[in-house]
Amino acid sequence: MPQPRRPGTRPARHRVLLAPVTVTPSKPLTPSHLKGLLWSDVMYRATSQVAEVTLRYSHTTYHPTEQTLGFWEFLDRRYGDLDYDCLDECGIGELYVAFRAAGGTAPAAALRPYAEAVAQGWTHPAATRVLGIWTGQYEALGLTDPGLLAHQPPGLGLTEMIDRLGALGMCLDHRPLGGPVFLDLTRHGLPLRPLVSADGRPNYLACALRELMPLAVGYDEVVLLYDSQLDPDYQRLARVLAVLGPSVVRVPVGRVPIDGTIRSAREGGWQDHHAGALLDAAGSGHSPAAIRLGMRLYFIAVLGPGHSEGYRPELLRQYLGRAERLIASGHTDPRPPERPLAERVDGHRRDRLHVDPYRLTCSLLGRRRRPAADLLTEVYL
């Protein structure tokens with residue numbers, strides 16, 4: 001039976017952990033990346049009106065993957081002391097494309113010094129350069145900076161994480177035999193999934209478990225926002241975190257097709273539609289506020305959660321213009337909002353604790369709608 005609340009006290013706000021998938025700092029931000037980042041930002045800022053929200057987005061956590069350390073080793077071996085400050089994100093991205101095209105895997109012994117340096121707070125100059133460029137683009141887009149350039153190590157070491165999985169009966173550890181470590185969710189109907197190779201290299205899922213297992217216990221709801229092509233691993237991640245107590249919600253977001261094709265950033269082909277190019281094009285005819293709102297209208301409400309809608313630059317320009325008009329109407333309407341902002345945002349939570357950014361953003365596009373200035377300021381601008 002719920003206990004009566006004492007007069008003059010406020011009900012406790014629920015705690016929500018928002019954990020979006022990270023983008024490896026080795027290339028420009030593509031339309032697919034922008035879609036996920038803008039989706040996450042609106043979810044974070046809107047949910048903050050109705051709950052206590054933590055945005056956890058740490059590049060430090062995922063640096064130890066072979067994808068990242070292998071690229072850094074490739075750069076040092078192939079290019080030596082290249083001055084990365086002379087390159088932009090596209091130039092570094094071309095080097096990443098070359099790394100992926102070269103194939104092969106560096107020996108574990110070659111990557112070990114990099115992993116040890118990461119644990120001490122080091123980041124390769126190429127990644128630091130990309131993260132610095134992204135910091136400026138985050139500011140132009142009005143994105144919350146989660147600490148792009150900060151050292152944010154996960155709460156568990158690799159061995160600690162494996163031990164905790166073992167205590168939960170979710171681990172098959174072959175290290176004593178010189179073998180790999182597997183996530184074992186077979187009793188839940190899921191196949192074994194490698195976490196750590198026989199030579200000690202963790203994959204992305206292992207890094208995510210190191211970060212989120214110690215955090216999840218302190219929240220009522222954990223929201224995993226990720227590329228829909230990663231769904232199998234995020235099903236596994238959600239299964240583990242749910243055992244620790246919180247409600248876990250998976251929010252897959254589809255990639256953005258370019259010319260009818262969904263391509264990985266590792267293949268390149270981003271020259272005309274990466275974040276820097278889009279911001280440069282938008283800045284020639286629109287205010288900073290309209291760019292922030294228009295990008296959200298397009299990448300969230302127009303493209304939607306799936307991957308059926310492809311990138312259309314003329315449609316993006318149309319919604320940048322629409323954003324200008326919405327901002328003008330919102331700031332000139334003399335009528336005060338009929339309800340508090342938290343109450344209006346709350347209607348877009350459905351049966352969850354977090355706010356659905358798609359539903360909320362679509363609500364701005366109804367005919368004769370004049371979004372209140374507080375909604376635009378607190379959530380979108």
Side-chain angles (χ1 to χ4, degrees), residues 19-30 32-33 36-37 57-79 82 84 87 89-119 122-131 133-134 148 151-154 158 161 180-183 193-212 224-234 236-237 255 262-270 274:
V21 65
T22 58
V23 182
T24 306
S26 56
K27 51 195 171 288
L29 294 171
T30 67
S32 292
H33 297 143
L37 291 171
Y57 189 95
S58 164
H59 285 286
T60 309
T61 295
Y62 300 97
H63 284 337
T65 62
E66 192 278 332
Q67 175 183 359
T68 298
L69 298 187
F71 179 46
W72 295 352
E73 189 275 340
F74 170 84
L75 291 176
D76 290 349
R77 172 167 43 85
R78 181 73 64 89
Y79 301 101
L82 180 64
Y84 294 99
L87 298 176
E89 74 273 40
C90 292
I92 293 172
E94 293 297 343
L95 297 178
Y96 181 69
V97 171
F99 160 66
R100 302 300 300 198
T105 303
L111 301 186
R112 195 167 296 118
Y114 290 88
E116 293 171 353
V118 166
W122 177 80
T123 302
H124 193 278
T128 300
R129 171 63 173 156
V130 172
L131 290 169
I133 293 170
W134 286 1
L148 291 179
H151 179 57
Q152 302 182 82
L158 187 60
M161 181 273 291
V181 179
F182 296 90
L183 178 63
R193 175 68 166 98
L195 290 179
V196 184
S197 63
D199 54 16
R201 287 184 277 194
N203 60 21
Y204 190 94
L205 181 56
C207 293
L209 289 166
R210 287 182 60 191
E211 175 164 69
L212 298 179
L224 305 174
L225 194 150
Y226 58 94
D227 176 352
S228 58
Q229 295 190 3
L230 302 176
D231 198 64
D233 274 349
Y234 273 83
R236 295 179 173 93
L237 180 58
R255 294 186 181 184
I262 295 177
R263 302 179 63 183
S264 171
R266 70 184 62 177
E267 302 173 27
W270 52 66
H274 61 87

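Since the model is a prediction, treat every value here as computed from it, not as a measurement.
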How long is the straight-line distance from [atom2] of [Y] back to [atom1] of [X], given to the nearest 0.5 Å?
X: Cys90; Y: Leu95; atom1: SG; atom2: CG; answer: 11.5 Å
X: Ser26; Y: Arg129; atom1: OG; atom2: CZ; answer: 15.0 Å
X: Glu89; Y: His274; atom1: CD; atom2: NE2; answer: 5.5 Å
X: Asp199; Y: Thr105; atom1: CG; atom2: OG1; answer: 9.5 Å
X: Leu224; Y: Asp233; atom1: CG; atom2: CG; answer: 11.5 Å
X: Leu148; Y: Leu131; atom1: CG; atom2: CG; answer: 6.0 Å

Ignoring hydrogens, what is the shortest heavy-atom contact between [X] and [Y]? Give both atom names and the distance.
X: Leu69; Y: Pro64; answer: CD1-O, 3.6 Å
X: Pro28; Y: Gly93; answer: CD-CA, 4.3 Å
X: Ala206; Y: Met161; answer: O-CE, 3.6 Å
X: His151; Y: Ala119; answer: NE2-O, 3.9 Å
X: Leu225; Y: Gly36; answer: CD2-O, 4.0 Å
X: Tyr84; Y: Pro125; answer: CD1-CB, 3.9 Å

Within the 3.5 Å criterion, strictly below it, is a donor on [X] or [Y] matched to an acceptor on the partner's side chain?
X: Glu211; Y: Thr61; value: yes
X: Tyr234; Y: Asp227; value: no
X: Gln67; Y: Tyr62; value: no
X: Asp231; Y: Tyr226; value: yes
X: Thr30; Y: His33; value: yes

Specify whether Phe71 and Phe74 have parallel, tilted or perpendicular ring planes, treating 30° as the upper limit for parallel and 60° as the lower limit for perpendicular.
->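 Rings of Phe71 and Phe74: parallel, as their planes differ by under 30°.
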Contact check, side chains of [X] and [Y], non-hydrogen atoms, under 4.5 Å:
X: Val23; Y: Tyr57; result: yes
X: Val196; Y: Arg201; result: no
X: Val130; Y: Lys27; result: no
X: Val118; Y: Thr123; result: no

Tell me, with the steps shown, if Leu37 and Leu29 meet side chain to side chain contact (heavy atoms under 4.5 Å, CB included).
-> CA-CA 10 Å; Leu37 291 171; Leu29 294 171; 4.0 Å; yes
Evaluate the criterion salt bridge (charged side-chain N to carboxylate O under 4.0 Å, His left out) for residue pair Arg112 and Glu116; output intermediate values, then yes/no.
-> CA-CA 6 Å; Arg112 195 167 296 118; Glu116 293 171 353; 5.5 Å; no
Would you sort out whether Leu82 and Leu87 count as a side chain to side chain contact (heavy atoms under 4.5 Å, CB included), showing the intermediate values?
-> CA-CA 10 Å; Leu82 180 64; Leu87 298 176; 4.0 Å; yes
Hey, mind stepping through Ser58 and Thr22 against side chain to side chain contact (heavy atoms under 4.5 Å, CB included) and telling me if it holds?
-> CA-CA 7 Å; Ser58 164; Thr22 58; 6.0 Å; no
Measure centre to centre between the rings of Tyr114 and His124, then say whether the value is under 6.0 Å.
-> no
Centres of the His63 and Trp72 rings: under 6.0 Å?
->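 Distance test on ring centres: under 6.0 Å, yes.
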Side-chain donor or acceptor of Arg236 paired with backbone N/O of Pro232 under 3.5 Å | yes
Donor-acceptor pair, side chain of Thr60 and main chain of Pro153, under 3.5 angstrom = no
Apply the test side chain to side chain contact (heavy atoms under 4.5 Å, CB included) to residues Arg193 and Asn203: give CA-CA distance (whole Å), side-chain angles for both, the deciding distance (0.1 Å), then the verdict.
-> CA-CA 10 Å; Arg193 175 68 166 98; Asn203 60 21; 3.2 Å; yes
